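For reference, the structure is listed below as structure tokens.
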Amino acid sequence: MDSSVTREAFDLIVLGAGPAGSNAALTAAAEGLRVALIDDSPEPGGQVWRAPQTERARLLSDRDADRCAGEQLRDAVGAASITFYPNTTVWSVTPDFEVTACAPDGAVVLRAPRLVAAFGAVERIVPFPGWELPGVFGLAAATALMKRDGRLPGKRLAIAGRGPLLVAVAAKAIASGSTPGIVVDAARRGDWLRAGAGFSRSPVALARGLGWTARIASSRVQRRYGYGVVAAHGDGQLEAMDIATLGRDGVPDEDRCHRVEIDTLFVGDGLSPVAEVPRLLGAKLHFNALCGGFSVASDEFGRTSVSGLYAAGDGAGVRGAAMSECAGALAGIAAAADAGVLDVAKGRELTRHWTSRQQRHAPCADASCRLMCVPDARLAAVPHQTVICRCENVTRGTIDTAADNGAITLDELKHLTRLGMGPCQGRMCSENAAVLLALGSVANAGTGKVQRARSGTLTQRVPLKPVPIDDLTGSFSYDDIPVPSPAPL
Amino acid sequence: MTLEASDAEFKIAEWVTVYVKGEPLTCPVGESVAGALLAAGIYAFGRHPVSGAQQGPFCLSGSCQACVIRVNGKLAQACRIAVQEGQEITLEQVQKTDFVKGV
């Protein structure tokens with residue numbers, strides 16, 4: 001039964017092979033630590049530097065900056081003495097850092113005295129009636145499809161949401177031959193101009209952003225500023241969406257709403273940290289709206305409140321790829337130093353290099369994060385019949401009732417409504433639900449400020465991801481169980 | 001200059017054939033099962049286990065689990081696995097009991 005289980009011990013296990021995780025692994029391995037790097041993708045790169053898997057994706061991304069950064073990273077990981085576990089889904093981590101995962105060839109059980117958690121971010125989407133229709137996708141879904149497969153589905157495309165990803169997706173969709181009919185941007189022109197000051201501190205990022213903006217402008221794409229999607233319609237599949245102007249407070253004006261016929265919609269409203277491993281292990285968190293919600297409390301090297309556990313990248317608090325590289329490298333430095341293998345002078349030099357780079361990119365990251373923030377008032381305007389938890393079909397109205405009935409925290413909400421108990425385990429809904437719950441509490445109190453932080457986070461349990469039973473049982477057969485012969489009567 | 005997509009430029013691509021509910025579907029080597037189905041206009045992957053409504057893939061990055069289907073009889077996230085020659089893809093309602101999940 002144990003034949004399909006791989007067991008191995010390392011000096012450091014890194015969870016997630018995006019910009020943060022890969023750089024943590026590279027830095028630690030360079031100092032001589034035996035490093036395992038685990039990711040559920042076929043190659044390192046994470047979401048942002050996802051490797052192309054088709055000929056078409058390779059041709060399309062030939063000179064793309066993300067592709068180049070990804071190739072550099074993949075070459076570096078390939079050349080380093082790092083044991084990379086591709087297509088491997090981690091579903092359990094114990095307090096003594098035993099990591100259990102499903103790999104294509106069976107179970108993998110790894111152990112190390114130190115662990116870097118760098119599982120990145122998950123997309124947040126402001127819900128609207130009909131968003132559960134086939135044909136409505138997250139905005140990051142578009143980048144995943146373009147980077148991995150090199151093509152987008154659909155004949156009448158719309159791209160909607162907020163933040164730099166919106167512009168990147170729209171520009172890349174045009175370049176890939178799938179020109180959207182309309183780009184619906186929650187930000188106004190003024191919001192972008194204000195962000196420009198922060199972007200200008202990272203000239204490379206600014207140039208890319210301006211390039212994307214120019215491509216959208218030079219195409220025939222209709223770009224709406226200060227608009228949001230308020231409903232999707234269709235019989236079993238997306239056929240149209242309603243868009244409305246958003247007020248200064250982010251609230252859609254239902255009187256200035258119109259219908260657009262589309263068959264495919266990519267919509268996204270920023271990112272939230274996937275801090276599931278730190279949460280599972282009981283690390284201290286702190287609420288940071290700018291970084292997408294509850295982030296992992298740590299020192300500047302990513303050392304968390306749990307000894308031996310480091311958190312880096314968007315999974316510790318959303319800051320983007322450039323910042324994640326730095327945070328990952330710093331976590332790798334700390335892991336090597338804490339393992340006693342890092343020369344002090346060299347450590348100081350490395351730290352100086354990565355922290356100065358971090359400081360350079362910080363204003364740009366702040367500007368990006370601000371564009372991704374969803375005003376509480378925008379969620380307050382979500383209609384009552386809207387599904388919030390897609391897996392368990394829990395609506396806004398059900399959440400409001402739970403708040404009326406005294407639910408304050410997400411765990412209480414889960415207890416009362418099943419929100420977060422479906423296959424996605426709250427990844428797609430918990431941030432929205434937390435705000436709605438806080439709004440409900442405020443409504444009950446009749447006064448006061450919305451305190452999203454009071455809703456807390458869902459308690460994290462294993463399995464971290466759904467696991468097919470076959471993968472758990474392996475070659476197990478009931479016939480293999482030794483059954484003692486029954487006692488004589 | 002950025003490459004604009006046109007079929008002519010992608011003639012070098014190799015193709016594989018998968019079977020969706022028995023019907024052959026030709027797709028580029030390496031493509032994700034979800035990407036191949038979507039490109040063929042198949043947006044509904046099954047029925048929602050709670051509401052019974054048509055459900056399709058959503059995040060395509062491994063989080064939402066809405067694209068879970070049976071490939072060669074085994075549950076798989078369609079956004080995470082690649083098409084392979086001769087693959088049998090069944091689109092049907094995924095039962096809640098098909099998952100072991102955290103509660």
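Residue numbers begin at 1 in each chain, while the letters A, B, ... track the order of the sequences. Owing to the predicted nature of the structure, the values given are computational and were not obtained by experimental measurement. Computed from heavy atoms alone, side chains included, the values below leave out hydrogens, waters and symmetry copies.
Heavy-atom pairs under 4.5 Å with chain B peak, among A:A141, A:S178, A:C429, at A:A141. Among the candidates B:C59, B:C79, B:A34, the residue making the largest number of heavy-atom pairs closer than 4.5 Å to chain A is B:C59. The candidate from A:Q53, A:R427, A:R50 with the greatest count of non-hydrogen atom pairs under 4.5 Å with chain B is A:Q53. Ranking B:A36, B:G56, B:S61 against chain A, the residue ahead of the rest is B:S61, based on heavy-atom pairs under 4.5 Å. Put simply, of A:G154, A:G236, A:A140, A:C424, the one with the most heavy-atom pairs under 4.5 Å next to chain B is A:C424. When the candidates B:A53, B:A44, B:S63, B:G41 are compared by the number of heavy-atom contacts under 4.5 Å with chain A, B:S63 comes out ahead. Chosen from A:Q460, A:R58, A:R151, the residue pairing most often with chain B at heavy-atom distances under 4.5 Å is A:R151. When each of A:P42, A:G135, A:S41 is scored by its heavy-atom pairs under 4.5 Å with chain B, the top score falls to A:G135.
Not a single donor-acceptor pair under 3.5 Å links the side chain of B:Q87 to the backbone N or O of B:V71. Panel note: side chain A:K147, backbone A:V48; a donor-acceptor pair is recorded below 3.5 Å. The closest donor-acceptor contact from the side chain of B:R80 to the backbone of B:S32 lies at 3.5 Å or more, if one exists at all.
Between A:E43 atom CD and A:R148 atom CZ the span is 10.0 Å, to the nearest 0.5 Å. In this structure, CD in A:E132 is found 6.5 Å from CG in A:N393, a value given to the nearest 0.5 Å.
Residue A:W91 does not touch chain B at all, counting heavy-atom pairs closer than 4.5 Å. For A:L238, no part lies under 4.5 angstrom from a heavy atom of chain B. With a threshold of 4.5 angstrom between heavy atoms, A:D62 does not approach chain B through any atom at all. Of the two parts of A:V122, only the side chain, counted from C-beta on, holds a non-hydrogen atom closer than 4.5 Å to a non-hydrogen atom of chain B.
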For this session: Kindly indicate, with the supporting measurements, whether the criterion ring-ring contact (aromatic ring centres under 6.0 Å, His included) is fulfilled by B:F58 and B:F45.
Result: CA-CA 11 Å; B:F58 184 69; B:F45 281 21; over 10 Å; no

Problem set entry | From CA spacing to verdict: side chain to side chain contact (heavy atoms under 4.5 Å, CB included), B:R47, B:Q54 | CA-CA 5 Å; B:R47 293 207 170 262; B:Q54 292 285 356; 3.4 Å; yes

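For A:T459 and A:D411, the side-chain atoms include at least one donor-acceptor pair closer than 3.5 Å. With 3.5 Å as the limit, one finds a donor-acceptor pair spanning the side chains of A:S61 and A:R67.
We find that A:K172 and A:D66 are joined by a salt bridge, their nearest charged nitrogen and carboxylate oxygen being less than 4.0 Å apart.
Contacts between residues 263-277 of chain A and chain B, defined by a heavy-atom separation under 4.5 Å, are made by A:D263, A:T264.
Annotation: B:K21, atom NZ; neighbour count of heavy atoms from other residues, nucleotides and ligands within 6.0 Å does not exceed 12.
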